[in-house]
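Notes follow once the structure below has been shown.
Quick note on labels: first sequence line is chain A, next is B, and so on, each numbered from 1.
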Amino acid sequence: MTSAAVSKPGAKRAARTVSLHWFRKGLRLHDNPALLEACEGATHVYPVFILDPHFAKPDVIGVLRYRFMLQTIKNLDDNLREIGSRLFVVKGQPAEALPRLFREWGVTKLTFESDTEPYAKVRDRHVCELAAEHQVHVQIFPSHTLHDPEAYVARLQGKDVPTVYQSFVKLFASMGPVAPVAPTVDAKRLPSPAPEYLSGRDRKKADQGNGHAGGEKIEEDRTRSDDFSVPGLSGIGYPETDAPTLYPGGERAALARMQEHLANVKYIVTFEKPKTSPNALRPSTTVLSPYLKHGALSSRLFYHSLCSTLAQHKGPHTQPPVSLVGQLLWREFFYLQGHATPNFDKMVGNPICRQIPWGKDAELLGAWEEARTGYPFIDACMTQLREEGWIHHLARHALACFLTRGDLWQSWEEGARVFEKYLLDADWSVNTGNWLWLSASAFFHQYFRVYSPVAFGAKTDKEGEYIRKYLPVLRKMPSKYIYEPWKAPKGVQETAGCVVGRDYPHPVVDHATVSKQLMGKMKAAYDANKEGGAKGEEKSGEKKRPAGEDGKGGKTKKRA
DNA sequence: AGTCAAGTTGACAAC
DNA sequence: GGTTGTCAACTTGAC
């Protein structure tokens with residue numbers, strides 16, 4: 001690998017391997033089998049991240065979420081530079097950017113981690129075709145989940161993908177051991193890119209790290225290290241923000257956060273999700289989800305680490321679904337569903353989703369999204385979500401139930417879109433699955449169990465400290481009225497400096513009244529779905545299950 | 001086929 | 001304060 005060879009791409013292609021590793025999720029150096037494969041026998045490896053304009057839209061992906069992602073790839077770049085390489089950040093459509101890079105670098109091998117989301121499936125299929133046209137060999141590894149979703153499907157041998165968690169746990173147990181954690185990519189393993197892409201400092205590291213790119217003399221003026229740098233928010237059309245970074249993005253922060261929790265053995269062995277608090281002032285759960293979503297933390301590393309902590313502990317420990325391993329299995333469960341279910345993120349055409357005639361009221365939806373429903377607990381949860389990018393799982397439950405079947409009768413698709421925008425951990429499969437769940441559209445059916453926007457939060461925060469923190473206007477409201485300020489006598493409201501209707505909204509709906517009404521609507525919708533499901537053909541003799549019995553692109557699927 | 005227990009985490013009243 | 005049963009009401013999976 002001389003610089004001459006680099007300047008004449010393809011000249012001796014057969015004799016050498018130039019790898020392009022495409023980072024999307026899997027933003028890490030540990031447990032990254034696709035990146036290891038890129039290293040295998042390569043003269044150069046080009047680590048690439050593509051900023052796809054499909055995602056870079058502030059009204060689709062909020063600024064905090066995008067900032068977290070940029071921090072994550074910045075840390076990835078830092079970590080790569082530590083070992084004599086770097087990240088190449090490219091703006092554009094992958095289908096345009098990649099062929100250009102193939103030609104420019106004489107790429108012979110493309111590696112990446114498989115992705116089960118719909119947009120990614122289409123994108124990757126197209127990229128594979130383009131790679132073939134460029135004689136680029138493609139290698140894809142499933143390392144985002146504990147097992148490859150396809151492996152579960154194969155294991156099921158045509159049976160439906162389980163829609164019940166406990167059934168999934170059995171399937172998981174039948175899969176055999178989770179693959180071990182792959183060795184972390186280091187300077188010895190990772191061939192550097194062509195030296196002209198490294199700054200003098202990084203080039204020196206590359207020379208020390210391995211022999212692949214060493215010994216070359218490149219003049220400073222040919223250094224191109226600024227061409228592919230990690231941009232700031234403004235560099236991709238986002239506004240800057242001065243919101244504090246509560247959860248810094250990146251593999252380094254991910255591993256530190258995991259280790260911090262693992263060190264607390266008591267916390268690990270006694271963890272019970274339902275007993276954690278949605279309105280604690282400090283998160284009562286691990287907040288590893290943003291890191292797992294981007295793959296800055298490997299789910300397999302977390303899983304194996306948990307298992308070894310539990311094994312070393314001689315006493316009893318909690319179990320799925322409530323334990324920490326149980327949380328990873330929920331993720332796994334929804335990833336499988338998202339992979340196997342057509343139109344998973346839609347009601348229409350989704351075979352596991354009950355068809356429910358949700359209303360369409362921009363006023364109500366806006367009140368919910370903008371934290372002005374008049375229910376302090378709901379508005380506080382939404383405010384924390386918007387300001388910090390993370391809220392507790394049960395806070396998500398309360399918000400989701402309120403928007404859909406509990407109070408506002410708005411579509412879960414709208415709610416899912418809002419969560420996708422604000423959550424640092426916005427994870428398409430998991431988020432969609434939870435909205436299906438909470439709206440009693442799939443997985444969960446006891447629609448008469450409704451979260452009270454007043455009582456639920458009060459169970460774990462009698463004084464309403466959480467509300468006072470996120471809704472300062474209610475800071476001086478007596479605890480007796482903090483969850484229901486409209487019930488406070490006028491004089492109390494005046495004294496507290498928060499007059500309902502002036503300083504804080506009236507409730508948009510009356511929960512007691514409306515939740516009862518909506519239960520009736522849910523019952524009617526359920527009955528209508530039982531009627532034979534597909535509108536039009538009503539063969540009363542056929543299955544009693546609603547439109548489309550299974551979530552798999554299986555055999556006897558009722559069209560969607 | 002029919003029955004029954006279970007289902008990640010509801011609210012509320014009664015004890 | 002913790003547990004239990006009730007509330008109109010659900011579906012799934014196992015047997």
Side-chain angles (χ1 to χ4, degrees), chain A residues 156 159-172 174 270-280 284-285 289 318-334 337 351-356 375 377-378 381 391-402 404-407 430 433-462 483-484 511-531 533 541 543-552:
Chain A
L156 285 163
K159 287 203 295 272
D160 293 350
V161 169
T163 57
V164 168
Y165 180 81
Q166 293 299 346
S167 304
F168 173 78
V169 171
K170 284 180 196 158
L171 172 64
F172 178 80
S174 79
T270 61
F271 186 94
E272 282 184 76
K273 190 67 161 284
K275 292 194 178 164
T276 59
S277 166
N279 41 17
S284 59
T285 50
S289 53
T318 54
Q319 298 289 334
V322 299
S323 65
L324 281 167
V325 168
Q327 305 313 300
L328 280 174
L329 297 190
W330 279 109
R331 174 179 185 270
E332 201 80 354
F333 173 69
F334 286 131
Q337 281 289 346
I352 65 167
C353 182
R354 283 219 158 55
Q355 305 300 300
I356 295 168
Y375 284 93
F377 179 63
I378 296 298
C381 290
I391 51 175
H392 187 278
H393 186 63
L394 291 177
R396 304 179 196 202
H397 278 212
L399 283 174
C401 186
F402 189 88
T404 57
R405 64 190 168 85
D407 295 86
V430 180
N434 276 310
W435 276 96
L436 283 163
W437 186 291
L438 263 299
S439 63
S441 297
F443 310 121
F444 173 83
H445 316 280
Q446 293 162 281
Y447 56 75
F448 39 87
R449 291 193 173 174
V450 175
Y451 287 87
S452 161
V454 171
F456 185 67
K459 282 193 295 187
T460 44
D461 179 20
K462 203 107 178 61
Y483 286 89
E484 311 171 273
H511 174 72
T513 310
V514 92
S515 61
K516 286 282 174 288
Q517 283 171 0
L518 296 185
M519 277 180 214
K521 285 179 131 179
M522 286 300 285
K523 177 161 182 56
Y526 268 48
D527 288 346
N529 277 273
K530 260 187 269 187
E531 291 296 315
K543 310 295 292 251
K544 42 160 190 177
R545 284 159 111 208
E549 12 280 291
D550 58 79
K552 249 188 65 314

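Taking every side-chain heavy atom of A:Tyr447 into account, C:dC10 is the closest of B:dT8, B:dA11, C:dC10. Candidate nucleotides C:dC10, C:dG13, B:dT8 were compared by shortest atom distance to the side chain of A:Trp437, and B:dT8 ranks first. Minimum atom distance to the side chain of A:Lys530 is reached by C:dT11, of the listed B:dT8, C:dT11, C:dA14. Taking every side-chain heavy atom of A:Ala455 into account, B:dC12 is the closest of B:dG7, B:dC12, C:dG13.
Neither OP1 nor OP2 of C:dA9 sits under 4.0 Å from any side-chain N or O of A:Lys516. OP1 or OP2 of B:dA11 lies within a sub-4.0 Å distance of a side-chain N or O belonging to A:Lys459.
Within 4.0 Å of A:Val164, counting heavy atoms only, lie sugar-phosphate atoms of the nucleic acid but no base atom. A:Phe444 comes within contact range of no nucleotide atom at all, as no heavy-atom separation falls under 4.0 Å. Note on A:Gln166: only backbone sugar-phosphate atoms sit closer than 4.0 angstrom, heavy atoms only; bases stay farther off. Within 4.0 Å of A:Phe448, counting heavy atoms only, lies at least one base atom of the nucleic acid. Note on A:Thr276: nothing from the nucleic acid sits closer than 4.0 angstrom, heavy atoms only.
Straight-line distance from the NZ atom of A:Lys159 to the C1' atom of C:dA14: 14 Å, rounded to whole Å. Between A:Gln446 atom CD and C:dT6 atom P there is a gap of 16 Å when expressed in whole angstrom units. To the nearest angstrom, P of B:dG7 lies 16 Å from NE2 of A:His397. Rounded to whole Å, atom P of B:dC12 lies 14 Å from atom OH of A:Tyr451. As rounded to whole Å, 16 Å separates atom P of B:dG10 from atom CG of A:Leu399. When rounded to the nearest whole Å, the span between NZ of A:Lys273 and C1' of B:dG7 equals 17 Å. Straight-line distance from the CG atom of A:Leu328 to the P atom of B:dT8: 17 Å, rounded to whole Å. Atom pair A:Tyr165:OH and C:dT11:P shows a separation of 24 Å (rounding to whole Å applied).
For the P atoms, the distance from B:dA6 to C:dT4 is 15 Å, rounded to whole Å. Nucleotides B:dA1 and C:dG13, compared at atom C1', are 15 Å apart to the nearest Å. Rounded to whole Å, the P atom of B:dG2 lies 28 Å from the corresponding atom of C:dA8.
Between the side chains of A:Tyr375 and A:His511, not a single donor N or O lies within less than 3.5 Å of an accepting N or O.
If you check distances only, the side chain of A:His393 does reach the base of B:dT8 with a donor-acceptor pair under 3.5 Å.
A donor-acceptor pair under 3.5 Å links the side-chain atoms of A:Gln337 to the main chain of A:Pro162, judged by distance alone.
When both distances must be under 3.5 Å, the Watson-Crick or G-U wobble mate of B:dA14 is C:dT3. When both pairing distances are held under 3.5 Å, C:dT12 makes a Watson-Crick or G-U pair with B:dA5.
Side-chain atoms of A:Ser277 and A:Asp461, non-hydrogen and from C-beta on, never get closer than 4.5 Å to each other. Contact of the A:Phe456 side chain with the A:Pro278 side chain is registered, since non-hydrogen atoms from C-beta on lie closer than 4.5 Å. Contact annotation: the side chain of A:His397 approaches that of A:Leu438 to within less than 4.5 Å [non-hydrogen atoms, C-beta and beyond].
Residue whose closest nucleotide on DNA chain C sits further toward the 5' end, between A:Tyr526 and A:Arg449: A:Arg449.
In this structure, A:Trp330 counts as stacked on the base of B:dT8 under the 5.5 Å centre distance and 30° plane angle limits.
The one candidate from A:Thr285, A:Thr276, A:Asn279 that meets the side-chain hydrogen bond (donor to acceptor under 3.5 Å, both in side chains) condition with A:His392 is A:Thr276.
Summarising the geometry, atom CZ belonging to A:Phe333 is positioned 10.0 Å from atom CD belonging to A:Gln166; distances are rounded to the nearest 0.5 Å.
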